[in-house]
Amino acid sequence: MPELPEVETVVRILRTQIVGQVIHNVTLLWPKTIENSEFFIQEVIHQKINTITRRGKYIMINLDKGTILVHLRMEGKFFIKEESEPIFKHTHVILHLDSCKLEFNDTRKFGRMIYTENANDYLIQKLGLEPFDSQLDVKYLKEKSKNRKVALKTFLLDQSVIAGIGNIYSDEICFMMKKHPNTSIQRLTKKDWQNCIHATQVILSSAIEAGGSSVRSYTSSLGVTGLFQLNIHVYGRSNKPCHICETPLIKTVIGQRSSVYCPICQKR
DNA sequence: CAGTTCGCCTGGGGGC
DNA sequence: TGCCCCCAGGCGAACT
């Protein structure tokens with residue numbers, strides 16, 4: 001399930017493979033994958049891929065006039081293949097390029113693509129700061145949490161606060177902060193928020209360095225599986241011993257999401 | 001307005 | 001072996 005580090009890994013691989021190529025045609029096999037398919041197909045054909053960047057969990061394929069925004073959601077992935085190769089099962093969109101085809105493949109069909117000429121405007125209303133933005137400080141988080149009463153974990157998953165954190169890393173961040181994921185954000189001290197920023201940056205940057213964690217079915221573009229399971233302390237480890245105190249980890253549900261935490265190390 | 005729940009999807013796994 | 005049901009989860013829509 002791609003979160004920011006996995007998306008960054010995909011962006012870096014795509015960048016080396018398809019920048020500079022022209023989109024000659026689009027095959028759409030599952031219409032809902034492209035939100036504005038008629039406009040999308042009409043506009044992207046004959047445009048060149050100039051750069052590929054990332055904002056939050058969105059991949060930005062920047063063309064001459066506009067941008068293809070891609071959200072992988074849970075299982076979206078790209079494959080770069082020879083034009084003659086057979087289409088994979090679960091491929092929903094194919095971009096036909098100069099020397100290859102780019103297949104967007106997504107078992108669960110949750111992934112989305114959209115073409116827009118105002119990508120920054122589109123993203124700015126959905127997304128908060130990047131985890132590594134120098135403006136991400138205690139003051140910013142205090143302001144964002146003002147008048148809100150949600151659990152710490154729910155707050156971390158809110159893309160309009162910090163963009164890019166998903167269910168794996170939100171649990172990991174809470175663990176590193178030594179805070180119960182259900183802690184009300186109103187109870188967090190300045191020191192807690194400082195720890196939150198630190199934990200977020202350490203965990204996400206080391207995950208990027210590792211090439212994205214490989215959990216379940218996640219594979220990056222080219223079908224390359226993520227290198228290894230990055231130092232995961234709590235996610236998916238319910239009933240297993242805490243890496244610090246060996247107490248069995250507890251699984252619960254917070255804001256409709258499964259959450260795992262250590263009942264001893266993580267205080268409310 | 002803020003918070004909560006539901007629907008979108010498929011494959012894997014547990015129970016029987 | 002086969003069938004049913006539950007689960008995974010990001011996000012937008014529809015609710016309270």
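Quick caveat: nothing in here was measured; it's all calculated off a predicted structure. Below, all heavy atoms of this structure are taken into account, side chains as well, without hydrogens, waters or symmetry copies. Numbered from 1 within each chain, the chains take letters A, B, ... in sequence-line order.
Atom CD of A:Gln159 is separated from atom C1' of C:dG10 by 8 Å (rounded to the nearest Å). In this structure, A:Leu157 places its CG atom 15 Å from C1' of C:dG12, rounding to the nearest Å. The CG atom of A:Leu72 sits 17 Å away from the P atom of B:dC9 (whole-angstrom rounding). With rounding to whole Å, A:Arg112 atom CZ is found 12 Å from C:dC11 atom P. Summarising the geometry, the separation between CG on A:Leu69 and C1' on C:dG12 is reported as 16 Å, rounded to the nearest angstrom. Atoms CD (A:Glu75) and P (C:dA8) sit 13 Å apart, rounded to a whole Å. Regarding A:Lys149, its NZ atom lies at a distance of 19 Å from the P atom of B:dC1, rounded to whole Å. C:dA8 atom P lies 4 Å from atom NZ of A:Lys251, rounded to whole Å.
The side-chain hydrogen bond (donor to acceptor under 3.5 Å, both in side chains) search around A:Ser184 returns none, not counting sequence neighbours.
Residue A:Lys89 is classed as a sugar-phosphate contact, given heavy-atom separations below 4.0 Å to backbone atoms only. Residue-level contact check: A:Ser258 touches the backbone only, with heavy atoms under 4.0 Å from sugar-phosphate atoms and none from bases. Residue A:Arg148 is in sugar-phosphate contact alone, with no base atom involved, counting any heavy-atom pair closer than 4.0 Å across all strands shown.
The side chain of A:Lys109 contributes no N or O atom lying less than 4.0 Å from OP1 or OP2 of B:dC8. Taking 4.0 angstrom as the limit, A:Gln256 places none of its side-chain polar atoms (N or O) nearer than this to OP1 or OP2 of B:dT4. Contact annotation: A:His71 side-chain N/O to C:dG10 OP1/OP2 distance is not under 4.0 Å. The side chain of A:His90 contributes an N or O atom lying less than 4.0 Å from OP1 or OP2 of B:dG11.
Using a cut-off of 4.0 Å between Lys/Arg side-chain N and Asp/Glu carboxylate O, A:Glu143 and A:Lys139 are scored as not salt-bridged. Between A:Asp171 and A:Lys153, at least one side-chain N (NZ, or NE/NH1/NH2) sits under 4.0 Å from a carboxylate O, which counts as a salt bridge.
Mapping A:Tyr58 and A:Phe110 onto DNA chain C via the closest heavy atom, the residue that lands nearer the 5' end is A:Phe110. When the nearest nucleotides of DNA chain B are assigned to A:Lys146 and A:Gly255 by heavy-atom distance, the more 5′-ward of the two goes with A:Lys146.
Distance check: A:Leu95 CG to A:Glu103 CD gives 10.5 Å after rounding to the nearest 0.5 Å.
Checked by atom type and distance alone, the side chain of A:Glu172 never pairs as donor or acceptor with a backbone atom of A:Ile232 at under 3.5 Å.
Here B:dC9 is the nucleotide among C:dC11, B:dC9, B:dT10 with the atom lying nearest to any side-chain atom of A:Lys32. Among C:dG10, B:dG11, B:dG3, the nucleotide with an atom closest to any side-chain atom of A:Lys57 is C:dG10.
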